[in-house]
Colleague: 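I'd like to ask you about the structure that follows.
Scope of the values below: all heavy atoms of this structure, side chains included, with no hydrogens, waters or symmetry mates. Below, read A as the first sequence line, B as the second, and so on, with proteins coming before strands; counting in each chain starts at 1.
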Protein chains: 2
Amino acid sequence: MKRTSRDIRTANRYEVLRQIIAESPTSRQELAAATGLSLATVATLVGELLDLGMITEVGFEDSAGGRPRGLVAVNASGGALIGVDIAETYVHVELFDLALNVLARADEDMRPGESRPEQVVGHVAAAVGSVVAQAGVEAARVLGVGVSVPGQVDRDTGVAEYAPNWDWHDVPLLDLLAEHIAYPLYLDNPLRACAVAELWFGAARGRGDAVVVNLGTGVGAGLVLGGGLHRGVSNSAGEWGHTTLVLDGRLCHCGNHGCVETYVGAPGIMQNLRELSPRSPLLHPEDQTATIDALARAVAAEDPVALKAVRDTARYLGAGIADLVNLLNPEVVVLSSWVAARLGEPLLGEVRQAVARHALRRPLAATEIVLSPIPTDPVSLGAATFALEGALQSVGQRAVKRTQARSRTAPPS
Amino acid sequence: MKRTSRDIRTANRYEVLRQIIAESPTSRQELAAATGLSLATVATLVGELLDLGMITEVGFEDSAGGRPRGLVAVNASGGALIGVDIAETYVHVELFDLALNVLARADEDMRPGESRPEQVVGHVAAAVGSVVAQAGVEAARVLGVGVSVPGQVDRDTGVAEYAPNWDWHDVPLLDLLAEHIAYPLYLDNPLRACAVAELWFGAARGRGDAVVVNLGTGVGAGLVLGGGLHRGVSNSAGEWGHTTLVLDGRLCHCGNHGCVETYVGAPGIMQNLRELSPRSPLLHPEDQTATIDALARAVAAEDPVALKAVRDTARYLGAGIADLVNLLNPEVVVLSSWVAARLGEPLLGEVRQAVARHALRRPLAATEIVLSPIPTDPVSLGAATFALEGALQSVGQRAVKRTQARSRTAPPS
DNA sequence: AGGGGTTAGGAAAGGGGCTGGAGAAAGTCC
DNA sequence: GGACTTTCTCCAGCCCCTTTCCTAACCCCT
């Protein structure tokens, strides 16, 4: 709530690092141009990041008659970040270097019924241990672990206030995890993880206002407003899946009827397909992933039923997204998560048309609708980004002293 | 987009003045406590406002053994603000003193067909001239004129990009007005005017995230996010009236079916009533205001048809608001504009129940739903507030020099 | 090989902001 | 009148960002 001049610094630090990660190697000049900051400010921020070991100087640009520009790049091996994606049936963990390359993965399946917090924590601890061992990084170089857990989360206290899958209430998840994991921990939910991933590395980079529509088993919308994540007063903003799309429509597990989720979530898409063709061979009743995969393949083969199913889904989705466009007037709407990744361009095209039919002209003209450009799992990437943000947050004064030390020691060769 | 330390200053200046207006007279100590700023900062900001003549020192608090606190209050006569509410059939103008009391009003009716920009500008100029004359304020003391015009507006260039009532496209309204009005002009739309009015003087004061639901002939939602107005990338955020509430529902003039507006805007409410009782004596087919007034009176008299009509309206409205609560997780939802003012508590009660049925528990628990506490026309008040913000924006360096002058001249008696 | 032109980047100065503390100011109480 | 208390102003200190100046580092040309 209260803004101080330090927040400006932190935001600029984020901005510079984002830019370096996006375009490595790069020069101070380019960074200044890209961020709009002065050269002097960029230079001090770059100095801080050099001191932290997050970036390194990697040589010089060829000059055409002048002092050559020094180039900096992400120091990939300068640290490791871990992203944990806890879902209903699995725990997926990835370890990233600072260039956000995946160095190691680990998965733990959870059987139905394995829903006690201690059990979940056990799986997470095992997977985290596994990725650290696989990647062979020293413990000291792990900058933090971001954890995404479905439902409502109090990120300050680290309490999972409510997780619908397992009917958790006020589980002190971060404290439980801290007993097994010695690295700094950051907790939030998958919606916001995806949004942050897009904000740092995806289609929302550099945009003031963006909506990240999450299409998975559940559905939600991560909101980027004013250049930062919008959390709402109790950190539960973005619950878009239970917006009423069809009055008295399909029954949703939330108890209402006609929620967006029941039409465009993976089970909803299966239902759309089933209503078109009850015995479609594409349907794998117990396996959402297999069904969506089959649907994607059938669309590629121009199967008419599959095309119609995607079009129907896009109609619902487009109507919902149009409402978001009208309400929030974002620069970009990003379709993210596994369903969007698999259905890809065919879905996107239909959605664009459907949105165009429903949205008002002016907001529509200002809004781009795109697929997430993030190739890996956005949830674990976003979770890792929370850890990265955490590591950058508290850079504070110490760095200044060390800047002096640096400039004394190693003049460029 | 780009934040600088000056923005902090401006925000703090707003905050201090807001607090003084809300609670006049007050002391520097109280202001510091209320705003969270240090005493020193409050003192300099109060000094600035004293120099501007917007507030005055009005005496001292009784002390119980110490230096008594100096009290400051709004200097009501220190300036005048004009708010212009342009609507489809009328222009309503109010002149406020700095305590935001209405000193003068003027209305101009516009006949259907009188829709050329020059005609509207003529009415505005006449009404503005009238209020200035009525109130008898000197021209120099008018700090600015805020103008609210329906539709999409580019507030920087002062162009009314699109006004649906009159099918205006890219009308340079501010330039046209400037030919007749010599005061500083500020342009925006009624949605945001209402939101700003709530933010400064109403139920959104001091709240980080609020939604101001505007119930008039049209329907919209002013969004206060992160303590400030959310405008979206092309200043058209808040277009909530054309959110689809009922798939394939009532035809809306926007061309879609089932928009929120067709159920909870004044014409929509009339339709709700008509569907209940086609020959209801409450219906005044050509007069929205009269119908809503009659409905309000009938509700007060516990007329069962009227009660049912309000309940039906609240069902629709509640479903829509619940979606907003889920999506944005605001601290408060404010029901504003003339329909909300007239239907009042009965509507509010039904809406609360309807929202509770649709919204998710956690966001719901964090959200309060209230009627706007603003007794006058919120649109002209909000428009005047734009002028007030404008006057405070550019306080800059000059004030510092004058601070020295002040401290030399007038020591408190 | 050495100078001139050109560009990069560091250091210092400057401007804006907020805060904490010292000390003057203005009361009450004894 | 003096002791005590509280307010309020002013200044030093710190954090930010930017502008400006100057040196460093390179190219090219002679």
Side-chain angles (χ1 to χ4, degrees), chain A residues 2-13 15-16 26-33 35-48 50 57 59-72 395-401 403-404 406-413, chain B residues 2-16 26-33 35-48 50-51 57 59-72 394-401 403-404 406-408 410-413:
Chain A
K2 194 112 206 328
R3 264 177 283 283
T4 129
S5 68
R6 263 190 132 107
D7 297 337
I8 298 176
R9 182 70 150 193
T10 303
N12 288 342
R13 198 169 11 240
E15 202 53 43
V16 167
T26 186
S27 64
R28 292 171 180 79
Q29 313 284 327
E30 278 173 354
L31 289 170
T35 57
L37 294 168
S38 75
L39 226 61
T41 304
V42 168
T44 59
L45 287 171
V46 165
E48 276 180 26
L50 283 169
E57 286 174 298
F60 299 88
E61 242 180 16
D62 283 350
S63 125
R67 177 173 173 173
R69 298 180 172 179
L71 294 174
V72 293
V395 174
Q397 290 126 294
R398 283 264 307 286
V400 176
K401 289 182 197 157
T403 300
Q404 297 168 353
R406 181 180 60 88
S407 55
R408 272 203 306 274
T409 51
S413 64
Chain B
K2 195 112 209 330
R3 266 177 282 281
T4 130
S5 69
R6 261 186 132 109
D7 298 337
I8 298 176
R9 183 67 152 192
T10 303
N12 288 342
R13 197 171 10 239
Y14 286 0
E15 201 53 43
V16 167
T26 186
S27 64
R28 292 171 179 78
Q29 313 284 327
E30 278 173 354
L31 288 170
T35 59
L37 295 168
S38 74
L39 220 62
T41 304
V42 169
T44 59
L45 287 170
V46 166
E48 276 179 26
L50 283 169
D51 287 332
E57 288 174 297
F60 299 89
E61 242 179 15
D62 284 350
S63 121
R67 176 174 174 172
R69 298 178 172 180
L71 294 173
V72 293
S394 51
V395 174
Q397 290 127 294
R398 284 264 306 287
V400 177
K401 288 182 197 159
T403 300
Q404 297 168 353
R406 180 179 62 88
S407 55
R408 272 203 306 275
S413 64

Colleague: Just to confirm, is there a sub-4.0 Å distance from OP1 or OP2 of D/dT7 to any side-chain nitrogen or oxygen of B/R69?
Modeller: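 The answer is yes; a side-chain N or O of B/R69 sits under 4.0 Å from OP1 or OP2.
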Colleague: If I take atom CG in residue B/L50 and atom P in nucleotide D/dT9, what distance separates them, rounded to the nearest angstrom?
Modeller: 9 Å
Colleague: Grab the N/O contacts between the protein and nucleotides 17-21 of chain C below 3.5 Å, and write none if there aren't any.
Modeller:
from   : atom 1 : to    : atom 2 : distance (Å)
C/dC18 : OP1    : B/N12 : ND2    : 2.6
C/dC18 : OP2    : B/R9  : NH1    : 2.4
C/dT19 : OP2    : B/S38 : N      : 3.0
C/dT19 : OP2    : B/S38 : OG     : 2.8
C/dT19 : OP2    : B/T41 : OG1    : 2.7

Colleague: Given atom CZ of B/R28 and atom P of D/dC10, what is their separation to the nearest angstrom?
Modeller: 11 Å
Colleague: What pairs with A/R69 under side-chain hydrogen bond (donor to acceptor under 3.5 Å, both in side chains), at least two apart in sequence or on another chain?
Modeller: none
Colleague: Can you tell me how far P of D/dT7 sits from CZ of B/R67, to the nearest Å?
Modeller: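 Distance, rounded to whole Å: 10 Å.
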Colleague: Could you pick out which residue, B/S27 or A/P68, lies toward the 5' side of DNA chain D when each is mapped onto its nearest nucleotide?
Modeller: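 Counting from the 5' end, the first nearest nucleotide belongs to B/S27.
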Colleague: B/F60 has an atom CZ; how far is it from atom P of D/dT6, in whole Å?
Modeller: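 That distance rounds to 18 Å.
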Colleague: With axes from five pairs an end, tell me the bend angle of the helix from C/dA1-D/dT30 to C/dC30-D/dG1, nearest 10°.
Modeller: 30°
Colleague: Output, in order, the C-alpha distance, side-chain angles, deciding distance and verdict of side-chain contact (heavy atoms from CB on, under 4.5 Å) for A/E57 and A/L71.
Modeller: CA-CA 6 Å; A/E57 286 174 298; A/L71 294 174; over 6 Å; no
Colleague: Please give, in whole Å, the distance from D/dT7 C1' to B/E30 CD?
Modeller: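 Rounded to whole Å, this separation is 13 Å.
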Colleague: Does A/E30 have any salt bridge (Lys or Arg N to Asp or Glu O under 4.0 Å) partners at least two apart in sequence or in another chain, and if so, which?
Modeller: none
Colleague: Under a 4.0 Å N-O cut-off, is there an ion pair linking A/E61 with A/R67?
Modeller: no
Colleague: Using the test side-chain hydrogen bond (donor to acceptor under 3.5 Å, both in side chains), find all partners of B/S5 that sit at least two apart in sequence or belong to another chain.
Modeller: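 Applying side-chain hydrogen bond (donor to acceptor under 3.5 Å, both in side chains) to B/S5 gives none.
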Colleague: Apply side-chain contact (heavy atoms from CB on, under 4.5 Å) to the pair A/V42 and A/L39, showing each step before the final yes or no.
Modeller: CA-CA 5 Å; A/V42 168; A/L39 226 61; 5.6 Å; no
Colleague: For a quick test of reading the model: is some side-chain N or O of B/Q29 closer than 4.0 Å to OP1 or OP2 of D/dT6?
Modeller: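 Checking D/dT6 against B/Q29, no side-chain N or O comes under 4.0 Å of OP1 or OP2.
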Colleague: Just how far, in rounded Å, is C1' of C/dA8 from CD of A/E57?
Modeller: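 So the two atoms are 12 Å apart, to the nearest Å.
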Colleague: Using the side-chain hydrogen bond (donor to acceptor under 3.5 Å, both in side chains) criterion, which residues pair with B/S38? Sequence neighbours excluded.
Modeller: B/T41
Colleague: Calculate the interatomic distance between A/E61 atom CD and D/dC27 atom P; express it in whole Å.
Modeller: 13 Å
Colleague: Can you tell me how far apart CG (A/L37) and CZ (A/R28) are? Round to the nearest 0.5 Å.
Modeller: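 If we round to the nearest 0.5 Å, A/L37:CG and A/R28:CZ are 14.0 Å apart.
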Colleague: Measure from the side-chain N and O atoms of A/N12 to the backbone N and O of A/R9, and report whether any donor-acceptor pair falls under 3.5 Å.
Modeller: no
